[in-house]
Amino acid sequence: AQTVTQSQPEMSVQEAETVTLSCTYDTSENNYYLFWYKQPPSRQMILVIRQEAYKQQNATENRFSVNFQKAAKSFSLKISDSQLGDTAMYFCAFMKHSVRSQGNLIFGKGTKLSVKP
Amino acid sequence: DSGVTQTPKHLITATGQRVTLRCSPRSGDLSVYWYQQSLDQGLQFLIQYYNGEERAKGNILERFSAQQFPDLHSELNLSSLELGDSALYFCASSMGGGTRGTDTQYFGPGTRLTVL
């Protein structure tokens, strides 16, 4: 069974600074995807970034980038130039690739990020 | 706005009752997933439908059932409700199809269920 671990329950960062959120996972699968979702106080789940395991290049979306270390089973999220609107709970999630479209997400417990002015 | 809609936004009911949560996927998406988010269990996968067929099952109680209709909207039925069923229920959708890039899931705003 796959598991996702986020070891930092809470973090804080000053506005405009950079912060890195950690995530490790355990799987015997070779084809899979990793995601970071953001859940602001509105409780909406918002996709931040996606990484395919077969791609060695780290994914980037504007101020958000990941450091994907497949051998170490590590998938950290870096937020650059932090903004007040980045304050949210961040969830790391794993999904194995399935040609039959069987694809549920397995979530970590989340990291609560506070961006301070 | 993800394009996934869920109704109602809030639901307050009593123990022993039955409720139905509704979800409409993004235009073009064939897969619908249901997740439960509670304080003690975190985010847990319940069930997935793809083009009307059940495709995967997670930690879904026997008191809970779901279906996906020909127009691809889905309903999650919760019966004999208990206090512990109080949670935020999310629906997510994806294109499906099994090819790379089609399984990214986009979430609806959720339905907050309170059982008194």
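Chain A is the first sequence line, chain B the second, and so forth, proteins listed ahead of strands; every chain is numbered from 1.
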Visitor: What's the spacing between Gln44(B) CD and Asn104(A) CG if we round to 0.5 Å?
Guide: 10.5 Å
Visitor: Compile the donor-acceptor pairs under 3.5 Å between side chains in residues 81-92 of chain A and protein atoms, sequence neighbours left out, one pair per line.
Guide:
| unit_1 | atom_1 | unit_2 | atom_2 | d |
| --- | --- | --- | --- | --- |
| Ser82(A) | OG | Glu17(A) | O | 2.8 |
| Asp86(A) | OD1 | Arg63(A) | NH2 | 2.9 |
| Asp86(A) | OD2 | Arg63(A) | NH1 | 2.8 |
| Asp86(A) | OD2 | Arg63(A) | NH2 | 3.2 |
| Asp86(A) | OD2 | Gln83(A) | N | 2.8 |
| Thr87(A) | OG1 | Leu84(A) | O | 3.2 |
| Thr87(A) | OG1 | Val115(A) | N | 3.0 |
| Tyr90(A) | OH | Asp86(A) | O | 2.7 |

Visitor: Under a single-linkage definition using a 4.5 Å side-chain heavy-atom cutoff for Ile, Leu, Val, Met, Phe, Trp and Tyr, are Val32(B) and Tyr106(B) assigned to the same hydrophobic cluster?
Guide: no
Visitor: Please find the pair of heavy atoms, one from Leu105(A) and one from Tyr35(B), that lie closest to each other, and give the distance.
Guide: N-OH, 2.9 Å
Visitor: Can you tell me how far OG1 of Thr104(B) sits from CZ of Phe35(A), rounded to the nearest 0.5 angstrom?
Guide: 4.5 Å
Visitor: So for Leu47(A), is it side chain, backbone, both, or neither that comes closer than 4.5 Å to the heavy atoms of chain B?
Guide: side chain
Visitor: How many angstroms lie between CE in Met95(A) and CG in Asp103(B), if you round to the nearest 0.5 Å?
Guide: 4.5 Å
Visitor: If you draw a 6.0 Å radius around NZ in Lys96(A), do more than 12 non-hydrogen atoms from other residues or ligands fall strictly inside?
Guide: no
Visitor: Please classify the contact between Gln37(B) and chain A as side chain, backbone, both or neither, with a heavy-atom cut-off of under 4.5 Å.
Guide: side chain
Visitor: Count the heavy atoms belonging to other residues, nucleotides or ligands that lie under 6.0 Å from CG of Asp71(B), then report whether that count exceeds 12.
Guide: yes
Visitor: Is it true that Trp34(B) and Met45(A) fall in one hydrophobic cluster, defined by side-chain heavy atoms closer than 4.5 Å?
Guide: no
Visitor: Can you sort out the partners of Glu82(B) under salt bridge (Lys or Arg N to Asp or Glu O under 4.0 Å), two or more places apart, ordered by chain and number?
Guide: Arg63(B)
Visitor: Out of Gly42(B), Pro109(B), Ser2(B), Gly110(B), return the one with the most heavy atom pairs under 4.5 angstrom to chain A.
Guide: Pro109(B)
Visitor: Does any backbone or side-chain atom of Leu43(B) lie under 4.5 Å from a heavy atom of chain A? Answer side chain, backbone, both or neither.
Guide: both
Visitor: Can you hop from Leu61(B) to Leu113(B) via hydrophobic side chains spaced under 4.5 Å?
Guide: yes
Visitor: Which pair of heavy atoms, one from Phe90(B) and one from Gln39(A), lies closest together, and at what distance?
Guide: CZ-NE2, 3.5 Å
